[in-house]
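Working notes, beginning with the structure itself.
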Amino acid sequence: MKDNSILDRRYLRMATIWSENSYCIRRQVGALIVKNKMIISDGYNGTPSGFENICEDENNVTKPYVLHAEANAITKIARSNNNSDGATLYVTDSPCIECSKLIIQAGIQRVVYAREYRLSDGIDLLKRAGISVVLLPIEEL
C-alpha cells in the first residue's frame, strides 16, 4: 500500500471522527483540509457562529442557513494566515455543487470522500475542473 493511500485513510478516519462534533441529526459531516501533510483547517456541518446548535426544524427539515462541513473548513482558512492552494480536502460525504464551487475557488486540488450523496453534480463539477476525486468507502477505512 502506498504512503498516500495510508494517509488518505488516516485523514478520512479523522474527518469521520470530527463529524461527531456536528449537532445535526439527519447527517453528520466532517471535513479536514490538509497541505504538506499538515491539517490546516477543519469543519463540520452546523449553524453559523452565534446561532443555536439546532440544524433541523420541527419537521426534521434542515434549516436553510446550516453550513456544510466543507464550507466551514474553507471559510476558516479565509480567517487564518493559511491558504489552500494545492491542498487535499478530506470529507465524509461527497460535496454538493455549492461546496464544489468553493473547493474550486479555494485552489484545492484533490478531494477524498467516504460516502456518495444521492446527487453527483458536485463531483461532476470537480472532475470538470480537473480536481482529482477519490472515493474511499467507509468500510475500507
Quick one: does Ser41's side chain have a donor or acceptor within less than 3.5 Å of a partner on Ala73's backbone? yes
Would you say Asp93's side chain and Val29's backbone share a donor-acceptor pair under 3.5 angstrom? no
Minimum heavy-atom distance between Ile40 and Asn83, given as atom pair plus value: CD1-O, 3.4 Å
Side-chain donor-acceptor contacts of residues 116-130 below 3.5 Å, not counting sequence neighbours, with atom names and distances?
from	atom 1	to	atom 2	distance (Å)
Ser120	OG	Asp124	OD2	3.3

Stepwise side-chain contact (heavy atoms from CB on, under 4.5 Å) check, Tyr44 with Thr92: CA-CA 10 Å; Tyr44 51 88; Thr92 56; over 6 Å; no
I want to check something: taking the side chain as every heavy atom from C-beta on, are Ser132 and Val111 in contact at a cut-off of under 4.5 Å? no
Return a table of donor-acceptor pairs under 3.5 angstrom between the side chains of residues 75-82 and protein atoms on other chains or two or more places apart.
from	atom 1	to	atom 2	distance (Å)
Thr75	OG1	Ala71	O	2.8
Thr75	OG1	Asn72	O	3.2
Lys76	NZ	Asp42	O	3.4
Lys76	NZ	Asp42	OD1	2.4
Ser80	OG	Ile77	O	2.9
Ser80	OG	Asn82	N	3.1

Tightest non-hydrogen contact, residues Lys35 and Ala87, listed as CB-CB, 4.1 Å
Can you tell which of Ile131, Val133, Ile103 makes a side chain to side chain contact (heavy atoms under 4.5 Å, CB included) with Pro95? Ile103
Does the side chain of Arg10 come within less than 4.5 Å of Tyr90's, by heavy atoms? no
Closest non-hydrogen atoms of Leu12 and Val91, given as atom of the first, atom of the second and distance, are CD1-O, 3.4 Å
side-chain contact (heavy atoms from CB on, under 4.5 Å) assessment of Tyr11 paired with Ile39: CA-CA 9 Å; Tyr11 287 128; Ile39 297 169; 4.0 Å; yes
List the atom of Cys96, the atom of Glu70, and the distance in Å for their closest heavy-atom pair. N-OE2, 4.4 Å
Glu56 bridged to Arg27 by N-O distance under 4.0 Å: no
Could you measure the distance from the NE2 atom of His68 to the CD atom of Glu98? Nearest 0.5 Å is fine. 9.0 Å
To the nearest 0.5 angstrom, please state how far the OG atom of Ser22 sits from the CD atom of Gln28. 5.0 Å
Would you check, one step at a time, whether the test side-chain contact (heavy atoms from CB on, under 4.5 Å) holds for Arg110 with Asp8? CA-CA 11 Å; Arg110 195 163 171 267; Asp8 283 348; 2.6 Å; yes
So, the side chain of Asp57 versus the backbone of Asn59: is there a donor-acceptor pair under 3.5 Å, distance only? yes
Would you say Leu102 and Tyr113 are hydrophobically clustered, going by side-chain heavy atoms of ILVMFWY under 4.5 Å? yes
Nearest heavy-atom pair of Ala15 and Leu32: which atoms, and what distance? N-CD1, 3.8 Å
Applying a strict under-4.5 Å side-chain criterion to I, L, V, M, F, W and Y, I'd like to know whether Leu135 and Ile97 cluster together. yes
For Asn53 versus Tyr23, what's the shortest heavy-atom pair and its separation? O-CB, 3.3 Å
Roughly how far, to the nearest 0.5 Å, is CD1 of Ile54 from OG1 of Thr62? 13.0 Å
Is there a donor-acceptor pair under 3.5 Å between the side chain of Ser84 and the backbone N or O of Ala106? yes
In sequence, state the C-alpha distance, the side-chain angles, and the governing distance for Ile108 and Ile74, and then conclude on side-chain contact (heavy atoms from CB on, under 4.5 Å). CA-CA 10 Å; Ile108 292 169; Ile74 290 168; 4.2 Å; yes
If I take atom CG from residue Asn60 and atom SG from residue Cys55, how far apart are they, to the nearest 0.5 angstrom? 11.0 Å
When you compare the side chain of Ile33 with that of Thr88, does any pair of heavy atoms fall below 4.5 Å? no
